[in-house]
Amino acid sequence: MTDSQQRSLSFGAEAAAYERGRPSYPPEAIDWLLPQDASDVLDLGAGTGKLTTRLVERGLNVVAVDPIPEMLELLSNSLPDTPALLGTAEEIPLPDDSVDAVLVAQAWHWFDTERAVKEVARVLRPGGRLGLVWNARDERLGWVKDLGRIIGHEDAQFNEKTTLAEPFTDVQRNQVEWTSYLTPQALIDLVASRSYCITSPEKVRTQTLDRVRNLLATHPALANSNGLALPYVTLGIRATVA
């Protein structure tokens, strides 16, 4: 197993922290990804259901697929009526031509994209939509930039680097700026649920989390605050299957 594969499967160890700390997605970003006439939607790499919840709220018929049982267990706890299937982007457990859209939140970079493109195209109906979305911290502001120095800067270039091969056409890109509001503990959970933090040696992991706690205690914008405003840029890519 490669280092990337190991990291992609590491989230189960911190599934609860992932659910507590990770942000959702702004409605306008989701609206942009979805076809107007979509009814059946696959959330691929669904994790604990951050995006799944937003899709279910729209009245869509949603199926969630993820390779990590611990993540799907949390998803099913909050969305008991939503099918949650163990599977991967390279082997999607759905029949051919079964969904109008496949959305992938925060996960496309973990996939074997050549195989994933073929599988996504297989399960999409003709003219169906593939939508990819990532949240990236907006590090232009002081304390968020300081956080990046501790935990690593957000790679906001996925949007520009990612390409989609045939049979996908009409590839478009979009970004939405928004703010997530969270507690100091949720910020610690956010860091604890990052793959590099999960897979770090225990000493390194402890040092990282201690530095985040110190930032919360000493930064003028954060000290003695019960609520934090964390700015994000949400990056989207959409494409249509021929």
- Query: Within the side chain of R125, is there an N or O that forms a donor-acceptor pair under 3.5 Å with the backbone of D97?
  - Reply: yes
- Query: Above 12 or not: heavy atoms from other molecules or residues under 6.0 Å from CD of E91?
  - Reply: no
- For residues L75 and D66, determine if any side-chain heavy atom of one lies less than 4.5 Å from a side-chain heavy atom of the other. no
- Task: Work out which heavy atom in P23 is nearest to a heavy atom in W178; give both atom names and the distance.
- Result: CB-CH2, 3.9 Å
- Check against salt bridge (Lys or Arg N to Asp or Glu O under 4.0 Å), D138 and K145: CA-CA 8 Å; D138 186 344; K145 184 182 292 186; over 6 Å; no
- With side chains defined as the heavy atoms from C-beta onward, is the minimum distance between V63 and V99 less than 4.5 Å? no
- Which atom of L33 lies closest to which atom of I237, heavy atoms considered: CD2-O, 3.5 Å
- If we only count heavy atoms from C-beta on, is the T183 to L187 side-chain gap below 4.5 Å? no
- More than 12 foreign heavy atoms under 6.0 Å from CG of D96: is that the case here? yes
- Judged by modelled atom types alone, do T234 and W134 share a side-chain donor-acceptor pair under 3.5 Å? no
- Check: D100/S39 side-chain N/O donor and acceptor closer than 3.5 Å: no
- Does a side chain donor of either Q172 or D170 reach within less than 3.5 Å of an acceptor in the other side chain? yes
- With side chains defined as the heavy atoms from C-beta onward, is the minimum distance between I188 and L209 less than 4.5 Å? yes
- Are side-chain heavy atoms of D112 and E114 found at a separation under 4.5 Å? yes
